[in-house]
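Computed from a predicted structure; not experimentally measured. Here is how names work: the chains are called A, B, and so on, in the same order as the sequence lines, proteins then strands, and each is numbered from 1.
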Amino acid sequence: MSAVVRMLALLVLFRCGTAAATEVRTFQDPAQQQRYEQLVKDLRCLVCQNQSLADSDADLARDLRDEVYQILQSGKSDQEAVKFLVDRYGDFVLYRPPFNLMTLLLWISPLLLLFAGLAFIWRRSKQQNPAMAAELTASEQERLQQLRKTTQQQ
Amino acid sequence: MRLKFLIPLSVFALLLVLLGVGLKLDPREVPSPFIGKPAPPFALPTVHAAAQTLSSGEFQGQVSLLNVWASWCVSCRQEHPLLLQLSKTGLVPIYGLNYKDERPAALAWLDRFGDPYRASAFDADGKTGIDWGVYGVPETFVIDRKGIIRYKFTGPLTEEALEKKLLPLVRTLQEEAS
Amino acid sequence: MIPELGHIALIMALMMALIQSSFPLAGAAQGIPVWMAVAKPAGRAQFLFLIVAFGCLAFSFASNDFSVLYVAQHSNSSLPLHYRLSAVWGGHEGSMLLWALILGLWTLAVTIFSRGLAADFVARVLGVMGLVSIGILLFILLTSNPFERLASPPADGNDLNPLLQDFGMVVHPPMLYMGYVGLSVAFSFAVAALLGGTLDSAWARWSRPWTLVAWIFLTFGITLGSWWAYYELGWGGWWFWDPVENASFMPWLVATALIHSLSVTEKRGAFKAWTVLLAIFAFSLSLLGTFLVRSGVLTSVHAFATDPGRGLFILMLLAIVIGGSLFLYALRAPTVQDHVRYALVSKENLLLLNNVLLVTAAGSILLGTLYPLILDALGLGKISVGPPYFDAVFAPLMAPVFVLAGIAPMFPWRQASIRKVLARTGKLALGCLITGIGLTAVFWNPRDIATMAALTLAVWLAASALFSLTSRVRLREHWREGLRSQSRSVYGMTAAHLGLAVFLVGVTLSGRYSVEKTVRMAPGETVEIADYRFTFLGVSRVEGPNYVASRGDFEVQAGATAFRLHPEKRSYRVQRNMMTEAAIDPGWSRDLYVALGEPMENGAWSVRLYCKPFIRWIWGGGLVMMAGGMLSVSDRRYRLAAKPDESWQPASSASNVAA
């Protein structure tokens with residue numbers, strides 16, 4: 001049901017609408033606009049918890065977008081805008097989880113899984129490799145021919 | 001050699017336990033980063049009088065509750081009788097933070113349903129609410145004598161939460177410093 | 001009367017499922033042909049009763065019977081008839097009934113297309129499917145009965161969620177469920193083979209078409225869902241890595257791996273234990289998705305089923321079905337032997353590598369989806385894992401998959417020489433690199449390395465798919481004969497890989513070069529984005545059957561041509577929801593997308609305008625992949641496999657051939 005259930009859930013419980021941010025804002029330059037848009041996309045709305053700040057039309061999301069905008073307008077860095085929200089709402093607002101001891105497993109597990117998989121392939125091939133030269137024996141060849149014939153007849 | 005075929009089953013067993021525990025958790029609840037930290041300072045006019053100020057300095061020297069409410073908030077009405085009851089007992093002073101409201105509507109609401117608050121700060125633009133990490137009205141904070149936030153309850157208070165969590169905490173906090 | 005009839009039919013279906021699993025499984029174990037023979041009629045009867053139950057619920061919706069709680073919650077008399085019918089699966093209870101019905105449909109299909117299979121094998125397959133069915137039907141009857149009556153029915157219903165009042169939503173759930181539930185067939189084949197000890201190439205050949213068909217539906221369902229999210233949700237996105245989206249994507253990834261690994265098992269008799277495990281995984285992830293969607297353990301789906309009893313019930317179902325099959329796997333898999341030999345560098349290993357990458361991707365998505373829950377359960381705080389994480393993990397895992405998908409078809413089985421393959425494809429690869437970089441530099445941005453890399457991959461994928469097809473064709477004297485001599489599954493593979501390339505182009509270009517603007521527009525004003533001039537002509541009021549809307553009127557000037565776009569902001573009467581209906585001008589090379597924001601002073605509106613290059617290629621790619629699946633499934637050897645074959649023996653004759 002993917003996105004459907006998500007939106008359904010939001011609508012039923014919290015009246016989270018489907019309209020994204022519609023504030024008309026002016027920016028100093030395109031770079032600042034891009035920073036703003038990226039930031040609000042990577043931050044999670046606390047009311048409509050399955051939308052980013054950018055996508056949510058919850059009242060609080062609007063206010064928080066304002067805060068982010070003001071912070072950027074005052075010439076501060078992205079980190080300061082993020083810190084403003086994390087100070088108040090915790091790591092929950094970050095769609096990109098910070099890299100720390102707690103999230104270590106989250107970030108390295110894909111690599112671990114991949115290496116485990118590669119090791120699996122390597123070991124399988126090694127185990128049987130010495131016998132690689134072993135082609136079909138004469139009797140096996142014969143049986144193979146026979147089987148081929150019978151399957152063709154079918 | 002044989003053991004490796006048990007790996008999927010063991011991982012799945014772990015997953016089952018996790019999901020079982022997950023059934024009892026509320027994924028929506030966001031813990032407040034302010035627990036154990038000083039209450040964010042504010043100085044706002046009160047709902048009743050624009051000239052009067054309620055500031056976070058009030059929390060010094062007494063254990064208090066701060067309840068975030070609004071006249072537009074439906075579930076605030078649900079918890080309201082509990083707050084009224086609590087304020088009558090005089091166990092702990094309750095302060096209000098009137099969040100993103102309009103003054104006449106807020107006053108009418110208090111008139112109609114009763115006013116349990118010692119004072120309510122009028123946070124029209126919601127900036128103080130954001131400073132306190134408010135995301136779902138109603139919310140209730142427990143603040144100790146030193147003005148440090150010790151607990152936060154999100155959503156409408158229930159009798160159970162009040163009896164089992166908030167009040168015992170208030171009592172220990174009151175005893176702690178006396 | 002009708003709802004009660006439906007309820008009784010549902011109970012009867014449960015009885016049939018009990019019969020369908022008990023006798024045949026016992027019969028297969030004991031070797032009693034009569035008991036085994038019960039499977040087919042019982043399966044067909046189960047389906048019949050499910051049709052009746054579903055029909056009763058549909059009738060209740062059609063006749064506006066608001067004394068049925070579920071109907072009252074999800075319908076309204078002003079709702080058009082076609083939406084009243086699709087509202088049958090608009091909520092938890094009805095969508096579970098749809099799930100059960102589709103399982104019944106797959107059961108029916110197995111009873112029809114299994115004539116060539118050994119009796120005990122069919123009995124086991126249907127028996128296992130019956131077991132799953134029992135679980136689902138008990139779940140519906142005990143915790144989620146759609147036929148529950150209200151003592152005092154309301155005058156009118158609560159209406160269907162406006163988001164679901166849309167054609168995409170009518171089709172999306174049945175397609176997705178066809179995919180999810182279809183994987184139960186591959187699962188049952190796997191469990192049956194483990195039970196009977198008949199895990200061989202023949203098993204893989206029978207499993208493959210079923211897996212392919214399920215995969216086709218799953219691909220279609222996900223594509224539809226993504227397309228729907230794009231045009232209906234009004235924020236121009238097409239994928240959000242939401243837990244519920246992930247729940248549909250993980251089975252897809254594993255099913256994709258399964259298709260490839262089944263082909264190795266079928267053609268070479270290798271990876272048997274691994275393939276069977278994948279078949280179990282694929283359906284397990286479908287079931288897990290059902291749990292995640294309906295239990296409330298993840299935020300995304302909190303409202304779908306607030307009853308914790310439901311969560312616990314599905315959890316037990318998971319424990320029995322998945323736990324049981326994995327236990328069986330642990331018991332039986334050690335006895336499964338691969339007699340095949342292949343070198344480190346061989347097609348076998350490249351396909352295994354593809355499997356490892358796809359499964360790693362699915363595993364990472366699972367971990368990312370559940371990680372917040374893990375931390376929370378351990379009392380370590382709350383975090384969110386969202387699109388930035390998934391993008392960061394997914395892209396590097398997929399890049400080698402694209403490289404492999406291009407090169408693997410050119411590798412021979414058993415043993416390959418990297419040097420030979422490089423000699424054959426080196427020039428091609430170089431050409432793709434130049435094309436990728438050149439296209440990016442000429443049409444987009446000469447400094448955009450990410451796009452260059454992605455376009456190179458896409459071109460490589462497409463070119464190598466065609467190249468390997470032409471080399472196969474060239475083996476024959478005449479090209480016409482060469483084309484004719486290729487099996488359908490070769491064409492299917494080529495098409496699916498081409499689809500993947502198309503998809504990659506769409507994702508890359510729409511992701512990197514979308515232009516988006518939120519502006520205030522007064523009537524008569526013009527705004528320009530990406531060479532398109534949008535003129536706002538004003539807003540008018542429009543009445544729909546169950547909503548009122550503000551309808552915007554935009555004139556778009558694109559070079560010499562001009563056309564109109566009409567985005568709407570709808571207010572649904574019963575549910576009182578505001579809905580943004582974006583207006584989209586679709587195109588091969590770009591979509592123009594206009595959405596109304598909020599009204600401002602003096603008739604002005606805040607308006608969002610997008611130009612999204614090549615975004616349609618995302619879903620186009622999905623459809624091409626699907627077409628590839630269909631071609632593969634129509635391959636002659638699967639049709640032969642479905643025919644009665646009396647000489648069939650459960651012995652591993654096929655694996656001898658491979659050895």
A.B. asks: Can you say whether Leu378(C) sits under 4.5 Å from chain B via the side chain, the backbone, both, or neither, judging by heavy atoms?
C.D. replies: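 The answer is neither part of Leu378(C).
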
A.B. asks: Specify which of Ile7(B), Val21(B), Leu18(B) makes the most heavy-atom pairs with chain C at under 4.5 Å.
C.D. replies: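 It is Leu18(B).
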
A.B. asks: Quick check against the 3.5 Å criterion: does Lys382(C) have a side-chain atom that pairs as donor or acceptor with the backbone of Pro31(B)?
C.D. replies: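 The answer is no, because no donor-acceptor pair under 3.5 Å joins these two groups.
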
A.B. asks: Does some side-chain heavy atom of Leu66(B) sit less than 4.5 Å from a side-chain heavy atom of Trp132(B)?
C.D. replies: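 Trp132(B) vs Leu66(B): side chains touch.
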
A.B. asks: Which residue in the set Val132(C), Val254(C), Ile322(C) passes side chain to side chain contact (heavy atoms under 4.5 Å, CB included) when paired with Phe283(C)?
C.D. replies: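 When Val132(C), Val254(C), Ile322(C) are each tested with Phe283(C), the side chain to side chain contact (heavy atoms under 4.5 Å, CB included) holds only for Val132(C).
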
A.B. asks: Do NZ/NE/NH1/NH2 and the carboxylate oxygens of Glu93(C) and Arg310(C) come within less than 4.0 Å?
C.D. replies: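 Salt bridge: yes.
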
A.B. asks: So which part of Ile280(C) gets closer than 4.5 Å to some heavy atom of chain B, the side chain, the backbone, both or neither?
C.D. replies: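 No part of Ile280(C) comes within 4.5 Å of chain B.
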
